[in-house]
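Keep in mind that the numbers below use all heavy atoms, side chains included, and drop hydrogens, waters and symmetry copies. Order of the sequence lines sets the chain letters (A, B, ...), proteins ahead of strands, with each chain counted from 1.
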2 protein chains.
Amino acid sequence: MVPDNAHSDRPATVHDVASRAGVSAQTVSRLVKGYEGIRPATRERVQTAIEELGYRPNRAARLLRTRRSNRIGALVHNMFERGPGQLLRGAASEARASGYSLNIVGIDGLDESSIDEALDLFEEEQVAGIFVVTLTEELRAVVQRRSSDIPIIVDPAESAGPIPTTGESGGRMAAQHLLALGHRRLGFLGGPREWLPSEQRKESFFIELLRGGATVVAEWPGDWTPEAGASAAQAFDPRSGITAIFAANDAMAIGLMHGLALRGIRVPAEVSVVGFDDIPEAAYVIPELTSVHPNFEDEGRNAINALLARIEQRPPSPIIHPGSELIVRGSTGPAPSA
Amino acid sequence: MVPDNAHSDRPATVHDVASRAGVSAQTVSRLVKGYEGIRPATRERVQTAIEELGYRPNRAARLLRTRRSNRIGALVHNMFERGPGQLLRGAASEARASGYSLNIVGIDGLDESSIDEALDLFEEEQVAGIFVVTLTEELRAVVQRRSSDIPIIVDPAESAGPIPTTGESGGRMAAQHLLALGHRRLGFLGGPREWLPSEQRKESFFIELLRGGATVVAEWPGDWTPEAGASAAQAFDPRSGITAIFAANDAMAIGLMHGLALRGIRVPAEVSVVGFDDIPEAAYVIPELTSVHPNFEDEGRNAINALLARIEQRPPSPIIHPGSELIVRGSTGPAPSA
DNA sequence: ATGGTTAATGTTATCGATGCCATTGGCTTG
DNA sequence: CAAGCCAATGGCATCGATAACATTAACCAT
């Protein structure tokens with residue numbers, strides 16, 4: 001199992017392999033890179049030498065010479081949320097499948113200097129491309145301001161082409177569901193205004209509602225946390241006639257339901273609640289939360305796909321449909337007949 | 001803001017800087033690395049040249065020459081759970097503070113080949129050290145089987161020295177709390193048996209209970225998901241006399257409470273429930289979940305600290321106390337007097 | 001002044017892989 | 001059989017930073 005290079009304390013190089021196989025370093029290099037025109041006999045000798053020595057190419061040397069790394073930088077703020085996490089998982093797996101590795105850098109703040117620092121790091125590490133997972137307006141602005149020749153994917157829409165993002169399809173599905181249940185006066189509990197995913201969910205929700213003849217009566221800006229949901233519940237005015245609320249993520253939805261319960265407002269009898277993310281806990285809160293189950297993993301795949309296409313200057317592979325799904329549970333019900 | 005190197009299409013090198021400043025490349029290199037003995041006048045000339053050219057050291061070249069990278073590999077399975085996520089955050093910030101960057105690699109499976117693949121990647125990237133975040137027995141075995149000269153931190157206890165891990169102190173605190181409430185017959189809802197953190201939480205919980213004269217009547221093995229909690233609720237035998245259950249994470253605790261509610265078993269009147277992780281949602285489920293709030297961030301810091309000490313062969317910095325805290329909420333109450 | 005120190009800086013070779021060009025040998029073609 | 005051609009392989013320079021060693025300058029003591 002362990003390669004027989006215990007005698008030398010330095011890892012084997014192309015030259016070691018070459019001299020062992022009786023060929024030149026160049027031939028070894030070619031074989032490693034998958035060059036076809038090598039005589040079978042030679043090929044085999046080199047192959048064995050590689051195995052015997054446990055040779056692995058030195059990435060630093062290769063990068064120095066070729067200037068092409070096979071690393072992709074992923075810039076993400078709240079990487080530990082369900083959504084970004086799944087995006088990353090999809091992205092990592094897609095990258096790996098194409099021989100790239102994903103370099104995840106989490107930033108704590110969304111201020112310019114944090115962002116710049118992360119991008120600087122990517123430049124120093126000479127990543128082949130950058131995938132910006134978290135999307136706020138500031139981030140987008142900072143990224144676009146830097147003129148760099150590293151390919152960057154900033155906008156999920158960019159990568160999905162004509163296909164709606166999870167936010168778009170999710171917002172629409174939430175609206176359709178609530179419309180079908182007869183709700184006509186609704187509220188929206190959003191993430192911070194400068195977060196694009198929140199805006200996406202909101203816009204598609206609004207548009208679909210308007211098309212169905214319903215009205216958005218109130219909108220509360222949140223910060224993705226359950227606390228924000230609880231505050232919204234306090235701010236909620238029962239006389240507004242709102243019978244359903246769409247929250248931009250489950251955490252806020254859960255906080256919201258908790259706050260409503262404290263005020264004696266029954267879910268779903270008086271107010272229906274729809275969340276977004278379908279976190280595992282959503283099915284186990286009381287009442288069980290109706291939620292949009294987004295396919296973030298495919299969204300991440302799409303993004304990397306588009307990014308790689310740009311890096312390697314080839315047309316993007318056929319796009320996978322992200323396909324969100326609405327999971328209907330106990331937190332939504334027919335609109336109370338006023 | 002943008003450095004004036006637009007005219008040349010290649011990024012500036014030490015030589016470019018050197019010739020611009022009228023010194024040798026070596027001097028530039030020394031300055032960049034923070035060498036002290038450079039005459040102020042020279043230093044300033046070089047400094048300006050660096051800024052004017054927007055020079056950044058080429059990491060690949062440096063790594064090739066020095067064989068010392070400033071990257072740390074972090075191997076993690078379920079990176080998107082709250083716990084590992086916070087460990088990573090702490091680890092990343094500690095690493096950054098010491099001039100290292102954290103290379104997070106998530107693996108999907110816990111089988112030998114996934115692990116090996118990830119470790120191979122680390123070796124090829126010549127990371128300075130490896131931090132194994134997720135800890136199962138298999139992982140530990142695979143890691144220890146590979147003889148590699150890269151420093152590795154596998155065991156959190158290793159990095160914390162004499163200080164109890166969050167799992168140890170958390171399990172103990174849960175036990176003390178329940179003992180104080182008069183509970184004497186208890187259950188434990190664990191993670192998979194081969195996960196060390198689960199075992200830690202369990203052991204410290206058990207030990208403290210025994211010391212307090214209580215008995216562990218039942219133990220359910222779970223898989224960290226709320227579903228596992230729900231199954232445990234089904235398996236729960238009301239005639240067992242169990243009045244309190246400690247779940248190894250909040251997700252399972254939430255599933256458990258949901259399952260108990262379905263069976264009409266009241267929490268905390270009949271059964272108290274304590275979780276672990278204190279996820280943001282914990283405070284907003286009904287009843288609000290009493291949970292151990294672990295200081296994973298500091299645990300991550302400690303680990304990186306210990307790792308860096310080993311890498312740089314210096315004594316570890318004073319250790320930060322992880323300090324878990326028990327957040328008491330509505331899911332725990334006095335034991336019902338039988 | 002002369003040798004001896006030390007501080008500041010310069011020279012050269014090297015890390016490992018690979019792009020570019022040169023070479024070799026076998027085979028086809030007229 | 002010579003000319004021509006292609007397939008397979010080798011030689012050399014290079015990517016950018018730095019370790020190791022060499023040099024210069026400046027200053028001191030004798």
Side-chain angles (χ1 to χ4, degrees), chain A residues 3 5 8-47 49-50 53-71 99 123-128, chain B residues 5 8-47 49-50 53-71 99 123-128 149:
Chain A
N5 62 346
S8 82
D9 48 353
R10 295 269 149 261
T13 74
V14 264
H15 291 92
D16 301 334
V17 174
S19 65
R20 177 157 193 140
V23 298
S24 79
Q26 191 55 228
T27 302
V28 178
S29 169
R30 280 194 270 251
L31 184 139
V32 168
K33 276 186 304 174
Y35 175 70
E36 291 298 335
I38 297 179
R39 218 173 313 173
T42 317
R43 172 178 295 273
E44 196 178 336
R45 285 212 317 285
V46 177
Q47 204 53 271
I50 287 181
L53 293 174
Y55 166 76
R56 342 261 307 235
N58 180 320
R59 291 194 181 219
R62 182 181 286 175
L63 172 55
L64 177 59
R65 183 69 239 249
T66 66
R67 298 163 178 288
R68 268 178 292 104
S69 83
N70 49 356
R71 284 209 304 265
E123 260 179 43
E124 276 191 34
E125 301 225 331
Q126 293 175 272
V127 297
Chain B
N5 62 347
S8 82
D9 48 354
R10 296 267 148 264
T13 74
V14 264
H15 292 93
D16 301 333
V17 175
S19 66
R20 178 158 191 138
V23 298
S24 80
Q26 191 57 226
T27 302
V28 178
S29 168
R30 281 195 269 253
L31 184 140
V32 168
K33 275 186 305 176
Y35 174 71
E36 291 297 333
I38 297 178
R39 219 173 312 175
T42 316
R43 172 179 295 272
E44 196 178 335
R45 284 214 316 286
V46 177
Q47 205 52 272
I50 287 182
L53 294 174
Y55 166 75
R56 339 263 307 238
N58 179 321
R59 292 196 179 216
R62 182 182 285 174
L63 172 55
L64 177 60
R65 183 67 240 245
T66 65
R67 298 164 178 287
R68 268 177 292 103
S69 83
N70 49 357
R71 284 209 302 264
E123 260 179 42
E124 276 191 33
E125 301 226 331
Q126 294 175 271
V127 298
D149 48 358

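Between Thr13(A) and dC15(C) there is no side-chain N or O to OP1 or OP2 distance below 4.0 Å. Between Thr66(B) and dC15(C), a side-chain N or O to OP1/OP2 separation shorter than 4.0 Å is absent. Close to dG16(D), at under 4.0 Å from its OP1 or OP2, lies a side-chain N or O of Arg67(A). An OP1 or OP2 oxygen of dA8(C) is reached within less than 4.0 angstrom by no side-chain nitrogen or oxygen of Arg39(B). Between Tyr35(A) and dG19(C), a side-chain N or O to OP1/OP2 separation shorter than 4.0 Å is absent.
Atom-to-atom, CZ of Arg62(A) to P of dC15(C) comes out at 19 Å; the value is rounded to the nearest Å. Residue Asn58(A) contributes atom CG, which lies 18 Å from atom P of dT14(C) at whole-angstrom precision. The nearest whole Å value for the distance from the CG atom in Leu31(B) to the C1' atom in dT18(D) is 14 Å. Regarding His15(A), its NE2 atom lies at a distance of 11 Å from the P atom of dC12(D), rounded to whole Å. Distance, Arg10(A) CZ to dC15(C) P: 10 Å, rounded to whole Å.
Judged by distance alone with a 3.5 Å cut-off, no donor-acceptor contact links the side chain of Arg56(B) to the base of dG16(D). Between the base of dG16(C) and the side chain of Arg59(A) there is no donor-acceptor pair shorter than 3.5 Å.
The side chain of Thr27(A) lies closest to dT9(D) when the candidates are dT9(D), dT9(C), dT18(C). You'll find that the side chain of Arg65(A) is closest to dG16(C), out of dT9(D), dG16(C), dT14(C). Among dG19(C), dG16(C), dA20(D), the nucleotide with an atom closest to any side-chain atom of Gln26(B) is dA20(D). Side-chain proximity of Val14(B) to the nucleotides dG19(C), dG11(D), dG16(D) is greatest for dG16(D).
At distances below 3.5 Å, at least one donor-acceptor pair connects side-chain atoms of Arg71(A) with backbone N or O atoms of Glu125(A). In terms of modelled atom types and a separation under 3.5 Å, the side chain of Thr66(B) and the main chain of Arg62(B) share a donor-acceptor contact.
Remark on DNA chain C: of its neighbouring residues Gly37(B) and Lys33(A), the 5'-side contact belongs to Gly37(B), judged by nearest-heavy-atom nucleotide.
Across all strands shown, Ile38(A) has heavy atoms under 4.0 Å from sugar-phosphate atoms exclusively, and none from any base. Across all strands shown, Val23(B) has heavy atoms under 4.0 Å from sugar-phosphate atoms exclusively, and none from any base.
Of the options Thr13(B), Ile50(B), Val32(B), a side-chain contact (heavy atoms from CB on, under 4.5 Å) to Pro57(B) is made by Val32(B) and by none of the others.
Counting only heavy atoms from C-beta outward, the side chains of Gln126(A) and Asn58(B) approach each other to under 4.5 Å.
For the atom pair CD1 of Ile38(A) and CZ of Arg45(A), the computed distance is 11.0 Å after rounding to the nearest 0.5 Å.
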